[in-house]
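Below: the structure, in structure tokens.
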Amino acid sequence: MPDLRRQIFESGKTVSRKAASRESSRPTSRTNSTQNSRHSSRNTSRHPTDDDEDAGNLSDETAWSLGSLDELTDNPDQDNGDWAQELGDRIQEILDRKRSSVQGREETYAAFCRLAKFHYIEEEIRGRVNDLVAAFCKSIKFESSVRESTLALRALEFLAITAFDNTIFENAEPLLSRTIRDSTSNIIKAAAIHCLGTCSLFGGAGEDGIMDQMTFFLDIVASDGQSIDAPDDAGSVTAALQEWGFMATEIEDLESESEDAIQIFMDQLNSSEASVQVAAGENIALLYEKSYTPEEDDEAEDEEDEEDSEDETAETNGPKLVKRYEPYHNTHELQQQLQSLATVHSKRISKRDKKSLHSNFASILTTVENPRRGPMYNTAIDQDTNRHYGSKFTVKVGREGVMNIDRWWKWIRLNALRRMLQGGFAVHYFQGNRAVLDSLPVIMRMQTPSDRSGAKKSARSRNTRHFAMHESDEE
């Protein structure tokens with residue numbers, strides 16, 4: 001199974017479900033003096049180690065099965081009928097800051113994140129959003145510990161994606177931008193970048209506000225992190241690339257931004273970090289994809305488009321796509337660079353990173369060559385026709401849901417929601433989280449054993465029954 005799937009579905013380390021469910025109650029002794037010290041001796045382009053991430057609680061990754069989000073349905077709180085009461089208690093503790101300690105706030109924020117992850121808590125937080133934003137912002141501002149600040153940033157993300165409140169961005173943006181620029185911790189900077197992206201998209205920034213943040217993040221990428229005093233920090237640059245791409249999926253027309261952005265992303269393809277290279281490559285593929293839009297009813301087909309009509313029909317299961325503009329002035333040069341990454345064999349690159357680069361950039365190159373083609377998990381070349389071909393992949397959600405990932409905007413959004421919601425993705429989707437439903441297309445119902453044993457039902461009728469009735473406006 002190629003690494004294009006592994007990027008979203010596998011963390012690289014094995015953690016049992018029981019251990020994952022205990023994440024929110026980790027001993028705070030893991031927050032050591034190194035975390036609280038000023039990161040003046042940064043190891044450039046170094047990712048945080050597993051211990052760094054655990055200490056900062058930036059991730060609660062588990063070993064997810066490849067090509068499936070089945071693990072996302074496993075809710076450690078599902079048998080806890082008192083979760084709403086526990087959430088109410090934790091909210092009271094969060095708001096009663098005068099009686100709290102750093103260690104106590106860390107544990108309270110961890111519990112809030114766990115509950116907000118595995119339950120759709122919109123009703124429980126209704127009417128308390130502004131107070132919670134203020135409490136989280138205090139912990140972010142004071143940076144009493146790296147763990148407290150990163151947990152507060154995560155909690156603010158959960159709030160933004162759950163509350164459906166358009167005041168969150170205006171209340172949190174000044175502090176988040178200042179934290180990204182001025183924090184003494186690169187871990188906090190990266191977490192704040194992700195948080196700002198989430199608050200922009202789900203907290204009421206609007207298109208102008210989103211564009212402003214995209215410019216901010218592009219500056220971080222173009223300067224290799226120096227614009228926020230995090231020179232060559234791979235975590236910050238990767239976060240900025242990922243959030244830029246996530247926000248770009250919401251902007252309909254990026255023609256005027258495409259040329260400069262692709263040039264900046266091409267520069268990052270030379271990074272020594274695979275995560276930076278892949279995130280930059282995905283943004284390039286997205287920009288090429290956006291240079292084609294569905295044909296309007298009153299548009300006449302020209303002969304060139306007719307030549308590709310048969311191939312296009314095979315590659316897309318939607319409306320005819322028409323090229324609107326040239327996304328980059330030297331596509332040939334870009335293709336050469338992507339081809340080099342798709343076949344890189346340097347001994348300085350780890351086997352795992354090399355495999356990731358090969359599979360990801362084969363798919364990215366396929367889209368740049370023909371933007372009508374979306375992500376493919378298995379790309380190859382027909383030796384007779386010299387054409388790229390591959391299979392679009394589907395993502396299994398829960399026991400019966402399946403989502404087709406045939407466009408880069410879907411892939412990037414799914415990847416971003418996976419990072420935010422992790423083990424709670426299926427809960428939020430099937431319980432009707434509006435932010436999640438608006439972000440992704442409808443999940444279809446898969447064929448089940450009972451379906452196969454039934455009377456003569458066609459595969460098409462089985463596979464087109466909707467598991468959820470909501471459908472994205474972009475579908």
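If you're wondering where the values come from, they're calculated on a predicted model, not measured in any experiment.
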- Measure from the side-chain N and O atoms of N433 to the backbone N and O of I161, and report whether any donor-acceptor pair falls under 3.5 Å. yes
- Message: Is it the case that the side chains of S291 and R324 hold a donor-acceptor pair, with the cut-off being a distance below 3.5 Å and no angle test?
- Response: no
- Steps toward salt bridge (Lys or Arg N to Asp or Glu O under 4.0 Å) verdict (E157, R419): CA-CA 11 Å; E157 279 195 90; R419 182 198 61 78; 2.7 Å; yes
- Task: Please answer whether the main-chain N or O of P371 pairs with a side-chain N or O of E289 as donor and acceptor at a distance below 3.5 Å.
- Result: no
- Message: For E106 and S145, which I'm curious about, is there any donor-acceptor pair between the side chains at under 3.5 Å?
- Response: yes
- Note, K290 side chain near D253 side chain (heavy atom, < 4.5 Å): no
- Message: Which residues pass the side-chain hydrogen bond (donor to acceptor under 3.5 Å, both in side chains) test with H345, not counting sequence neighbours?
- Response: none
- Query: Looking at E282 and I364, what are the two nearest heavy atoms and their distance?
  - Reply: N-CD1, 3.7 Å
- Task: Establish, yes or no, whether a centroid distance under 6.0 Å links the rings of F169 and F202.
- Result: no
- Taken in chain and number order and not counting sequence neighbours, the residues that satisfy side-chain hydrogen bond (donor to acceptor under 3.5 Å, both in side chains) with T343 are none
- Message: Pairing donors with acceptors under 3.5 angstrom, does anything connect the side chains of Q268 and D224?
- Response: yes
- Message: Do the side chains of E250 and R413 get close enough for a salt bridge, i.e. N-O under 4.0 angstrom?
- Response: yes
- Assess whether side-chain hydrogen bond (donor to acceptor under 3.5 Å, both in side chains) is satisfied between D232 and Q226, documenting all intermediate values. CA-CA 7 Å; D232 297 316; Q226 293 191 41; 5.6 Å; no
- Nearest-0.5 Å distance, CD1 of residue I264 to CD1 of residue I284: 11.0 Å
- Message: What's the separation between atom OG1 in T198 and atom CD1 in I193, rounded to the nearest 0.5 Å?
- Response: 12.0 Å
- Heavy-atom side-chain contact between L196 and S177 under 4.5 Å: yes
- Item | Test log, rule side-chain hydrogen bond (donor to acceptor under 3.5 Å, both in side chains), inputs S139 and Y109 | CA-CA 10 Å; S139 289; Y109 291 157; 2.7 Å; yes
- Query: Distance only, no hydrogens: is a donor on one side chain within 3.5 Å (strictly under) of an acceptor on the other, for R373 and T367?
  - Reply: no
- Item | pair W244-I412: side-chain heavy atoms closer than 4.5 Å | no
- For P375 and W411, which heavy atoms make the closest approach, and how far apart are they? CG-CB, 4.1 Å
- Between the side chains of E143 and S149, does any donor sit under 3.5 Å from an acceptor? no
- Test item: Y328 and N330 side chains (from C-beta on) under 4.5 Å apart, heavy atoms: yes
- Query: For the rings on Y288 and W408, is their centre-to-centre separation under 6.0 Å?
  - Reply: no
- Query: Would a distance-only check, ignoring hydrogens and angles, find a side-chain to backbone donor-acceptor pair under 3.5 Å from D353 to I349?
  - Reply: no
- Task: Could you give me the CA-CA distance, side-chain angles and deciding distance for I220 and F216, then say whether side chain to side chain contact (heavy atoms under 4.5 Å, CB included) is met?
- Result: CA-CA 7 Å; I220 295 173; F216 179 32; 4.2 Å; yes
- Return the minimal non-hydrogen interatomic distance between R105 and S144, and the atom names on each side. NH2-OG, 4.0 Å
- Could you check L321 against T293 for side chain to side chain contact (heavy atoms under 4.5 Å, CB included), going step by step and ending with a plain yes or no? CA-CA 5 Å; L321 299 175; T293 64; 5.9 Å; no
- Task: Show your reasoning for whether side chain to side chain contact (heavy atoms under 4.5 Å, CB included) applies to F112 and I121.
- Result: CA-CA 10 Å; F112 178 89; I121 64 169; 4.1 Å; yes
- Message: If I take atom NE2 from residue H428 and atom OH from residue Y120, how far apart are they, to the nearest 0.5 angstrom?
- Response: 8.5 Å
- Please report the closest heavy-atom contact between P327 and L287, naming both atoms and the distance. CB-O, 4.1 Å
- Message: Checking T108 against S100 for the side chain to side chain contact (heavy atoms under 4.5 Å, CB included) test, could you report, in this order, the C-alpha distance in whole Å, the side-chain angles of both residues, the deciding distance, and whether it holds?
- Response: CA-CA 10 Å; T108 299; S100 64; over 6 Å; no
- Message: Looking at H358 and L341, would you say the former's side chain and the latter's main chain have a donor-acceptor pair under 3.5 Å?
- Response: no
- Minimum heavy-atom separation for R97 to A135, with atom names? NH1-O, 4.2 Å
- Message: Looking at M420, is its backbone amide N or carbonyl O close enough to the side chain of R154 to form a donor-acceptor pair, meaning the two atoms are under 3.5 Å apart?
- Response: yes
- Looking at side-chain heavy atoms only, is the closest gap between T394 and M403 below 4.5 Å? no
- Please examine the side chains of E333 and M266, heavy atoms only from C-beta on, and report whether any two atoms are closer than 4.5 Å. yes
- Cut-off 3.5 Å, side chains only: do S258 and Y325 have a donor facing an acceptor? no
- Task: Compare all side-chain heavy atoms of L269 with those of L338 and state whether any distance is below 4.5 angstrom.
- Result: yes
Which pairs of donor and acceptor atoms, one on a side chain in residues 206-213, lie under 3.5 Å apart (sequence neighbours left out)?
none

- S227 (side chain) donor-acceptor with S223 (main chain) under 3.5 angstrom: no
- Side-chain (T238) to main-chain (A234) donor-acceptor, under 3.5 angstrom: yes
- Backbone N or O of A230 within a donor-acceptor pair of the K189 side chain at under 3.5 Å? no
- Query: So how far is it from I168 CD1 to F136 CZ, rounded to the nearest 0.5 Å?
  - Reply: 10.0 Å
- Query: If every non-hydrogen atom of E170 is compared with every non-hydrogen atom of P174, which pair is closest and at what distance?
  - Reply: O-CD, 3.6 Å
- Query: Hey, is the main chain of H329 close enough, under 3.5 Å, to the side chain of E259 for a donor-acceptor pair?
  - Reply: yes
- Test item: N171 side-chain N/O and T167 main-chain N/O as donor-acceptor pair under 3.5 Å: yes
- What do the steps show when you test E148 against K138 for salt bridge (Lys or Arg N to Asp or Glu O under 4.0 Å), and what is the final call? CA-CA 10 Å; E148 180 185 344; K138 285 182 180 178; over 6 Å; no
- Task: For residues R434 and E122, determine if any side-chain heavy atom of one lies less than 4.5 Å from a side-chain heavy atom of the other.
- Result: yes
- How far does SG of C113 sit from CG of L151, to the nearest 0.5 angstrom? 5.5 Å
- Message: Return the CG to CG distance between N186 and D229, rounded to the nearest 0.5 Å.
- Response: 8.0 Å
- Message: Applying side-chain hydrogen bond (donor to acceptor under 3.5 Å, both in side chains) to S271 and Q277, what does each step give before you reach the verdict?
- Response: CA-CA 6 Å; S271 171; Q277 293 171 298; 5.8 Å; no
- Message: As a quick check of understanding, evaluate salt bridge (Lys or Arg N to Asp or Glu O under 4.0 Å) for E124 and R90, giving each step before the final call.
- Response: CA-CA 12 Å; E124 286 71 21; R90 299 293 82 78; over 6 Å; no
